[in-house]
Number of protein chains: 2
Amino acid sequence: MRLTTKGRFAVTAMVDVAMHATQSPVPLTEISTRQGISLSYLEQLFSKLRRGALVKSARGPGGGYRLAKAMDAVTVADIIVAVDEPIDATQCGGKENCHEEQKCLTHDLWVRLNEQIFEFLRSVTLAQLVEQQRAKETRVVELHDPRLSKRPQSESVAA
Amino acid sequence: MRLTTKGRFAVTAMVDVAMHATQSPVPLTEISTRQGISLSYLEQLFSKLRRGALVKSARGPGGGYRLAKAMDAVTVADIIVAVDEPIDATQCGGKENCHEEQKCLTHDLWVRLNEQIFEFLRSVTLAQLVEQQRAKETRVVELHDPRLSKRPQSESVAA
DNA sequence: CCGATAGTTGATCAAATTAGTCGGGAACCG
DNA sequence: CGGTTCCCGACTAATTTGATCAACTATCGG
């Protein structure tokens, strides 16, 4: 479980897909311009996201990406794991080099903390992020038209 | 808030200090051999930890590092922030480039998620990690003495 | 069928970061 | 003193990040 800008880009891009691919797939060029991420980098990220079965692709005109699962079935942890290949902060890396009593402090300690962070990220779904984002956008609209301030807006997209 | 092996090393080293510097300071050479982290790298890390007021140093024979605060006053977030200088995953980086409606998705979305992760890491203290580690070591003893097997193991670290 | 659209793959690359090395000091203790 | 240990800066190799480019395949519209 690493946490860098790479994973953040992936999460951002997934939120973009979740928000815009309701009718038709979203091409990467759209995400690129909307989110300010280079097209080629998005290609790399979505290559991994597709291999991780998080998105489905459609080629040709009108093609693009759409979610492979429902929004509430995709967690932040899923996305980060898909693009950020795992890292082992332990010297022994799962192997059994660490037999000496204290040598395992590194290993066990971090594995536990890692699991806790992972559990947390697994508790945050794409649907929640989208809802938060929609709420934020609604709030901006309210400034111009206060009548539109009653939209919970948590529809679920087909699997 | 980045999350790499660097921060993990720092957390591991801090736990080591917390567990061993009760009487006298712990020299980096000890941590190096115990945790398998290179001495020079530890020097860099502790340079930052000291500047972050997380440890105090003592030179000369019998010197080393010890905690600057109580164990339960130091959080994982403190440690990671001290060694992993902050990063901005947003294109605008706090600036106001992102006025266009959609451009801010990156910014706001990640800031919020980031805060949640940060809050979580801030809820885990060094004292908790030490206690977990001690409990783990105790559990090894239990294998030889099954009577000592009633430890709820202090969970509930969630934010 | 043709050609434009758009995903797919792979090679390549500059810049940044990581993790580690080296060497020289400077303070401290006995 | 003299060794221990922190302190500091420069330097480096390996990796990752973020990005570019090119060739290719599938698909749709006309």
Side-chain angles (χ1 to χ4, degrees), chain A residues 1-13 17 20-21 24-33 35-52 54-66 68 80 83-91 93 106, chain B residues 1-13 17 20-21 24-33 35-52 54-66 68 80 83-91 93 106:
Chain A
M1 178 62 43
R2 194 165 11 181
L3 208 50
T4 64
T5 53
K6 194 177 190 175
R8 282 158 231 240
F9 280 151
V11 171
T12 301
V17 170
H20 294 95
S24 54
V26 174
L28 292 187
T29 51
E30 275 189 29
I31 303 178
S32 176
T33 57
Q35 308 301 338
I37 307 172
S38 94
L39 177 60
S40 308
Y41 199 36
L42 281 175
E43 285 174 356
Q44 289 178 40
L45 295 180
F46 274 82
S47 171
K48 294 185 175 181
L49 291 174
R50 195 177 59 93
R51 260 171 258 163
L54 294 180
V55 295
K56 284 184 298 187
S57 63
R59 296 191 186 193
Y65 288 95
R66 62 174 69 211
I80 291 178
V83 297
D84 258 334
E85 65 257 23
I87 194 178
D88 56 337
T90 62
Q91 270 73 14
T106 312
Chain B
M1 178 61 46
R2 193 164 14 182
L3 209 51
T4 64
T5 53
K6 193 177 190 176
R8 280 157 231 240
F9 279 152
V11 171
T12 302
V17 170
H20 294 94
S24 55
V26 174
L28 293 188
T29 50
E30 275 189 30
I31 303 179
S32 176
T33 57
Q35 308 301 337
I37 308 172
S38 93
L39 179 59
S40 310
Y41 199 36
L42 280 175
E43 283 176 355
Q44 288 177 40
L45 295 180
F46 275 82
S47 172
K48 294 185 176 182
L49 291 174
R50 195 176 57 93
R51 261 171 257 163
L54 294 180
V55 295
K56 284 184 298 186
S57 63
R59 297 191 188 194
Y65 289 93
R66 62 174 69 210
I80 291 178
V83 298
D84 258 336
E85 65 257 23
I87 193 177
D88 56 337
T90 62
Q91 269 73 11
T106 312

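Letters go in sequence order (proteins before strands), and every chain restarts at 1. Below, all heavy atoms of this structure are taken into account, side chains as well, without hydrogens, waters or symmetry copies.
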Do B:Phe46 and B:Ile31 have side chains that approach each other closer than 4.5 Å (heavy atoms only, starting at C-beta)? yes
Can you measure A:Lys6 atom NZ to D:dT15 atom P for me and round it to whole angstrom units? 15 Å
Would one find a side-chain N or O of A:Arg50 under 4.0 angstrom from OP1 or OP2 of C:dG7? no
For C:dT17, does either OP1 or OP2 sit under 4.0 Å from a side-chain N or O belonging to B:Thr4? no
What is the separation between atom CD1 on A:Ile31 and atom P on C:dA6, rounded to the nearest whole Å? 12 Å
note: A:Leu42, atom CG; D:dC21, atom P; distance rounded to Å ~ 16 Å
Reported NE2-to-CZ distance for the pair B:His20 and B:Arg66, which is rounded to 0.5 angstrom: 14.5 Å
Which nucleotide sits closest to the side chain of A:Ile37: D:dA19, D:dC7, C:dT18? D:dA19
Would you say the side-chain atoms of A:Arg8 and A:Thr12 include a donor-acceptor pair closer than 3.5 Å? no
Does any part of the side chain of A:Glu30, heavy atoms only, come nearer than 4.5 Å to the side chain of A:Pro27, both counted from C-beta? yes
A:Asp84 CG to C:dT17 C1', straight-line distance once rounded to whole Å: 14 Å
Got a donor-acceptor contact below 3.5 angstrom from the B:Ser57 side chain to the B:Tyr65 backbone? no
Of A:Gly62 and A:Gly7, the one whose closest nucleotide on DNA chain D sits nearer the 5' end is A:Gly7
Between D:dT17 (P) and A:Phe9 (CZ): distance, integer Å: 11 Å
Does D:dC7 have OP1 or OP2 sitting under 4.0 Å from an N or O in the side chain of B:Ser57? yes
Nearest-0.5 Å distance that lies between atom CG in A:Leu54 and atom NZ in A:Lys56: 12.5 Å
C:dA16 C1' sits how many Å from A:Arg2 CZ, rounded? 14 Å
Taking the side chain as every heavy atom from C-beta outward, state whether A:Leu45 and A:Lys6 have any pair of such atoms under 4.5 Å apart. yes
If you check every side-chain atom of B:Arg51, which of C:dT5, D:dC8, C:dG7 has the closest atom? D:dC8
Distance in angstrom units between B:Phe46 CZ and D:dC8 C1', rounded: 17 Å
To the nearest Å, how far apart are A:Gln35 CD and D:dA19 P? 13 Å
Give B:Tyr65 one of three labels, base, sugar-phosphate or nothing, depending on what nucleic acid heavy atoms sit under 4.0 Å from its own. sugar-phosphate
So which protein N/O to nucleotides 21-25 of chain C N/O distances come out below 3.5 Å?
unit_1, atom_1, unit_2, atom_2, d
C:dT21, O4, B:Gln44, NE2, 3.3

